[in-house]
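Proteins come first, then strands; the chains are lettered A, B, ... in the order of their sequence lines, and each starts at number 1. Below, all heavy atoms of this structure are taken into account, side chains as well, without hydrogens, waters or symmetry copies.
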Amino acid sequence: MAPKVLMVAEKPSIALAIASALSGGRMSTRRGSTEVHEFDGMFLGFPVHYKVTSVIGHVFSVDFPARFQDWNSTNPLDLFDAPIVKSESTPKAHICRHLSQEARGCGHLVLWLDCDREGENICFEVIECTGFQSTPGKKVHRARFSAVTEKDILKAMNSLVEPNKNEAQAVDARQEIDLKVGVAFTRFQTSYFNGKYGNLDSRVISYGPCQTPTLGFCVRRHLQINTFKPEKFWTLHPYIMYKGYELKLDWQRHRLFDSDVTQMFRNFVKEDGFLKVIGISEKQVSKGRPTGLNTVNLLKVASSALGFGPQLAMQLAERLYTQGFISYPRTESTAYPASFDYKGTLGALARNPVWGDYVQQLLSDGYHKPRSGTDAGDHPPITPMSSATENILGHDAWKLYQYICQHFLGTLSPDCKYTRIKIEFESGGESFYCVGQHVLVKGFTSIMPWLAVTEINIPQFTEGQKIDISRIEVDEGSTQPPDYLSESELISLMEENGIGTDASIPVHINNICERNYVQVQAGRRLVPTALGISLIRGYQLIDPDLCLPDIRSFIEHQIALVAKGQADHSLVVEHVIEQFKRKFIYFVKQIENMDALFEAEFSPLSDSGRVLSKCGKCLRYMKHIPTQPSRLYCGTCEEIYYTPPKGTIKLYKELTCPLDNFELLIFSMPGPEGKSFPFCPYCYNNPPFEGIDNLFGASKSSGSVKLGKGAGMPCFLCPHPTCQHSMISQGVCACPECDGTLVLDPVSAPRWRLYCNMCNCLVSLPEGAHRISTTRDHCPECDSTIIEVDFNKKTTPLKDGATLHIGCILCDELLYSLVEMKHGKSFSRKARHRGRGRGRGRRGYSGRGRGGKKQHDPRMSFRDF
DNA sequence: GCAAGGTC
C-alpha cells in the first residue's frame with residue numbers, strides 16, 4: 001500500500017481548495033469532525049495516498065486551572081503568577097481526536113495553516129494532536145502559500161519548509177499576557193464596583209488590551225466635544241452678476257477670528273467697487289477607482305452607508321459566502337491575485353437585471369486592470385461569485401451584496417476624470433476666487449454614484465477683466481465641536497493603531513456596547529455612557545497607559561521579539577507580566593481615584609433596589625437590585641447574592657430553605673412558556689454539595705438555565721432528601737430527552753406542567769386542575785414519583801364527579817392520556833426504566849455538607865439530617 | 001461572570 005500523507009488546513013474551505021488543486025478534482029470526500037478529501041498522487045517523487053482535512057481555527061485555548069476559577073477565593077493578583085492550561089476550544093467538535101485518528105499510519109504531515117503568526121501557532125497545535133513530534137520516522141512539513149490558487153498551492157508543494165517555532169511561541173506569549181492581564185483587572189474591577197454600586201447596569205466591568213483602548217477612542221471624542229469652546233469667526237463674500245449668473249466668491253483668507261479686521265477688509269473692497277480677474281487656471285483631475293474590497297473596508301461602508309453594525313455585516317457576508325454569492329469575506333488583501341478571472345466574474349453578473357447593461361459594456365469595451373492594492377497573502381478581495389436579486393437575498397443581504405458588486409465593477413472601471421477651473425480675483429488688495437468643475441469621464445462613479453463629482457458651471461472669464469461688485473456679505477459663524485465618533489471612524493482608528501484584527505474588530509466593538517460602556521446612536525455614532533466615561537477617566541487619573549492604544553502595540557512589539565527569535569519566549573512573558581503586575585498593584589492601591597468618579601455618578605448598593613426577602617443569617621430584609629447583574633444585597637451583613645439573570649424574581653410564599661433559613665424566591669423566565677423555579681439565594685451562590693456543577697454532566701451547557709461557575713444551584717438541582725422543594729421531592733420521572741429529571745413547575749397552575757431541569761423538554765399535565773402535587777410514593781412499575789391531582793369539580797374526567805386522583809403519569813392510563821409533550825421528541829413509557837424520581841439508585845454524587853469548613857456558613861451539614 | 005485570537 002502506498003504511504004500516506006496527511007495535510008491539514010485552517011478551515012474546511014481551504015482544505016477543499018487544496019485537495020481540488022492537487023487532485024485535479026478527482027478525489028473522494030468523507031465526513032468527520034471536518035471533511036476529509038482523499039486521492040492518490042506523487043509526493044517528493046514517490047506515489048502516495050493523500051488525506052486533506054482541516055481544523056476550525058485554533059484547536060486549543062488557554063485558561064487558568066480550576067483552582068483559580070472561583071472569584072471569591074482567588075486574589076486577582078495571584079493570577080499573574082498562576083499556571084495556565086490549554087484545553088480544546090470546542091470540545092464538542094473533537095478536532096484533536098479527529099487529527100489523531102487521521103494521522104494514524106501517515107508518514108508525512110503537511111501543514112497548510114494560514115501563513116500568519118496565528119496560523120504558525122495552530123501548526124504546533126496540530127502537531128501536538130497528531131503526535132507527530134514524538135514519533136521517530138515521521139516528518140512534518142510546512143507549506144508556505146501566498147494565495148489559495150492552484151498556481152500558489154502547487155508552488156508551495158514544491159518548496160515545503162519547516163514550521164516556525166518562534167512565531168508560534170510569540171502567539172503563546174500573547175495568549176498568556178492577554179489572559180492574565182485581562183482577567184486580573186476584570187475580576188478586580190467587577191468585584192470592587194459591582195460590590196459597591198447598584199446601578200452600573202453591567203454584569204461585568206471588563207478590562208482588556210483591545211477593548212479598553214477601543215472604548216478610550218470613543219471617550220476621547222466625548223471629552224473633546226464636552227470641553228469644546230466655540231469661537232466666532234467672520235468671512236467676506238463679494239457677489240457679482242455676470243452673464244446671467246449670480247456668483248458668490250470665496251475669500252482667500254477663508255475666515256478671520258476678528259470682526260473689526262474683517263470689517264476693515266470689507267471697506268477696502270467696497271471702496272474699490274469692482275473685482276479684477278487676476279488668474280485663470282484649469283487642470284485635469286483624476287479621481288482613482290477603488291482597489292479591491294477587503295473586510296475592514298466592507299465593515300466601514302456597511303456601517304456608514306448601509307447602517308449595518310460590523311457584527312450584522314459579517315453575519316450577512318458569511319451567509320452570502322456560504323450561499324455562493326460572494327467570495328470568502330474575511331481578507332486583508334485589496335490586490336487581486338494575478339490569476340484572477342475577471343472575465344468569468346463579469347460574465348456571472350452579465351445577466352443581472354440591475355447592472356447587466358453596465359457589465360456587458362465593460363465586457364465589450366474592455367475592462368480596466370484594477371489598481372494594484374496590497375496583497376496580505378491571505379484571500380483575494382471580496383467579489384461577487386454569482387448573480388442575485390433582492391427577492392432571493394432579502395433586503396439587508398441584498399444591500400450588502402449590491403455594494404460588493406458595485407465595488408467590484410468600480411475596480412474594473414476607468415478612473416473618473418474632470419476639469420477644475422479656478423478663477424482668481426483681486427479687489428482692495430484682497431484675493432477671492434470661484435471654482436468650476438466639469439466631468440469628462442464618469443468612469444467608476446457611474447456604478448458608484450455616491451462618489452460622483454458634482455458639476456459646477458461658471459461662466460467664462462478673461463484675464464484682466466474688471467467686473468462690478470453687486471454686493472458684499474460678511475458672514476458670521478462659529479467653530480463647531482466634532483460629532484461623536486462614528487463606528488466607521490472607530491474601525492479606522494483601530495486598524496491604524498493595530499487594535500484587533502479584521503475578525504476581532506467587530507467583537508471588540510460589540511463588547512463595549514454589550515457591557516454598556518457605549519451606545520450606538522443615530523447614524524451609528526458611538527456615545528459613551530456614564531460607566532464608559534468613568535472607567536476611562538479613572539484610568540487617565542491612575543495610569544493613562546492602561547487605556548491608551550499603545551498598550552496593544554507595546555505587547556505586539558514585545559512578542560515580535562519572540563517571533564523573530566531575538567528574545568526567549570518565557571523571559572519576554574515574565575518581563576511583560578511583571579510590568580503589568582506592577583501596574584495592577586498600583587491600580588488597586590489607587591482605585592479610590594477612580595471610585596471618586598463612580599461615587600459622583602452611581603448610587604451605592606444600600607440606596608438601590610427594593611426590599612424583597614429575608615437573609616438567613618441576620619433575619620433582616622435584603623434588597624433586590626434588578627439592574628445587571630441582578631442580585632440581592634443584605635445591608636446588615638454587607639453580602640451580595642447573585643440571582644439568575646433575565647427574568648422576574650418574586651418571594652416564594654415566604655417559605656425558607658431548610659439548609660440555611662434564607663427565604664426562598666421564585667424565578668420566572670420571560671415569555672408565556674417561560675418556566676419558573678424556586679431557589680434559595682444562599683444555595684444558588686454557594687451550592688451546598690460539592691461537584692453539583694458536574695452532577696448532571698451537561699448542566700452548564702444546557703440552553704435552558706445558564707449556571708455560573710461555582711454558582712447557580714436552584715432547588716430543582718438540589719439533592720436534599722426531605723425538603724419539599726428539592727429535586728428529590730419535585731422530580732417526577734426521567735427526562736425522555738436527556739439525563740435530566742422532569743420536575744413539577746410549582747407555580748404553573750392552571751396550566752400545570754413538568755419541565756426538565758437540564759434541557760428544554762416541557763410536558764403539560766391535565767389542565768384546569770385545582771392542585772397537582774408530588775407525593776412521597778413512587779411507582780412500583782417504573783419508579784416515577786406518584787402525583788396527586790385535584791381536578792376541577794366541573795371538568796373532572798373522573799366518575800361520579802370525584803376530583804381526587806393519585807397515580808403515575810406513565811403507568812396510570814387516565815393520567816397518561818392527559819399528559820402531552822410540548823417540546824422534545826417523544827414522551828413514551830419506554831422512558832420508565834430510567835425513571836428516577838426519587839434519589840434511589842442515582843449514581844455519582846455524594847452529598848457532603850460543608851458545615852465544618854467555614855465558621856460563618858449558616859448551613860447545617862447534610863449529615864445532620 | 002473574566003482576554004483575544006482563530007472560525008462556523
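Comparing B:dA3, B:dA4, B:dG6 against the side chain of A:Arg552 picks out B:dA4 as the nearest. Here the nucleotide nearest the side chain of A:Ile56, chosen from B:dA3, B:dT7, B:dG5, is B:dT7. For A:Ser504, the listed nucleotide lying nearest its side chain is B:dG5; candidates were B:dG1, B:dG5, B:dC8. For A:Thr186, taking side-chain heavy atoms from C-beta onward, the closest of the listed nucleotides B:dG6, B:dG1, B:dA3 is B:dA3. Ranking B:dG1, B:dA4, B:dG6 by closeness to the A:Glu118 side chain, first place goes to B:dG6. Listed nucleotides B:dA4, B:dG6, B:dC2 differ in distance to A:Pro209; the shortest reach to its side chain belongs to B:dA4. Comparing B:dC2, B:dG5, B:dT7 by their closest approach to the side chain of A:Tyr328 singles out B:dT7. The nucleotide whose nearest atom lies closest to any side-chain atom of A:Thr90 is, among B:dG5, B:dG6, B:dC2, B:dG6. Checked against B:dC2, B:dA3, B:dG6, the side chain of A:Thr501 finds its nearest nucleotide in B:dG6. Which of B:dC8, B:dA3, B:dG1 sits closest to the side chain of A:Tyr642 comes down to B:dG1.
Atom CG in A:Asp502 sits roughly 11 Å away from atom C1' in B:dG6 (whole-Å rounding). If you take CD of A:Gln311 and C1' of B:dT7, they are 13 Å apart, rounded to a whole angstrom. Whole-Å rounding puts the A:Glu318 CD to B:dG6 P distance at 13 Å. Distance CG (A:Leu16) to P (B:dT7): 16 Å, rounded to an integer number of Å. Note: CD1 (A:Ile84) to C1' (B:dA3) measures 12 Å, nearest angstrom. When the P atom of B:dA3 is taken as reference, atom CG of A:Leu546 falls 15 Å away, rounded to whole Å. In this structure, A:Ile95 places its CD1 atom 11 Å from P of B:dC8, rounding to the nearest Å. For the pair A:Asp63 CG and B:dA4 P, the interatomic distance rounds to 14 Å; values are reported in whole Å.
Taking 4.0 angstrom as the limit, A:Gln211 places a side-chain polar atom (N or O) nearer than this to OP1 or OP2 of B:dA3. In this structure, A:His508 does not reach the B:dA3 phosphate: none of its side-chain N or O atoms is under 4.0 Å from OP1 or OP2. Taking 4.0 angstrom as the limit, A:Arg330 places none of its side-chain polar atoms (N or O) nearer than this to OP1 or OP2 of B:dG5.
By the 4.5 Å heavy-atom criterion applied to side chains, A:Arg515 and A:Asn511 are counted as neighbours. Between A:Pro76 and A:Phe584, some side-chain heavy-atom pair lies under the 4.5 Å cut-off. Counting heavy atoms from C-beta outward, A:Ile542 and A:Leu546 have side chains that stay 4.5 Å or more apart.
Ring centroids of A:Phe602 and A:Phe193 are separated by 6.0 Å or more, keeping the two rings apart.
Note on A:Ser206: only backbone sugar-phosphate atoms sit closer than 4.0 angstrom, heavy atoms only; bases stay farther off. Using a 4.0 Å heavy-atom criterion, one finds that A:Asp114 contacts the sugar-phosphate atoms exclusively. Heavy atoms of A:Val62 sit under 4.0 angstrom from at least one base atom. When heavy atoms are screened at a 4.0 angstrom cut-off, A:Arg515 is found touching the sugar-phosphate backbone but no base atom. Among the heavy atoms of the strands, none lies under 4.0 Å from A:Pro629. Heavy atoms of A:Gly500 sit under 4.0 angstrom from primed sugar atoms or phosphate atoms, though from no base atom.
Nearest-nucleotide positions on DNA chain B for A:Gly57 and A:Asn72 put A:Asn72 closer to the 5' end. Of the two residues near DNA chain B, A:Tyr207 and A:Ser89, the one whose nearest nucleotide lies more 5' is A:Tyr207.
Atom CE of A:Met385 sits in a sparse spot, with 12 or fewer heavy atoms from other residues, nucleotides or ligands closer than 6.0 Å.
The aromatic rings of A:Phe185 and A:Phe80 lie perpendicular to each other, with more than 60° between the two planes, well past the 30° mark.
Annotation: cation-pi geometry not satisfied between A:Lys196 and A:Phe598 (NZ/CZ under 6.0 angstrom from ring centroid, within 45° of ring axis).
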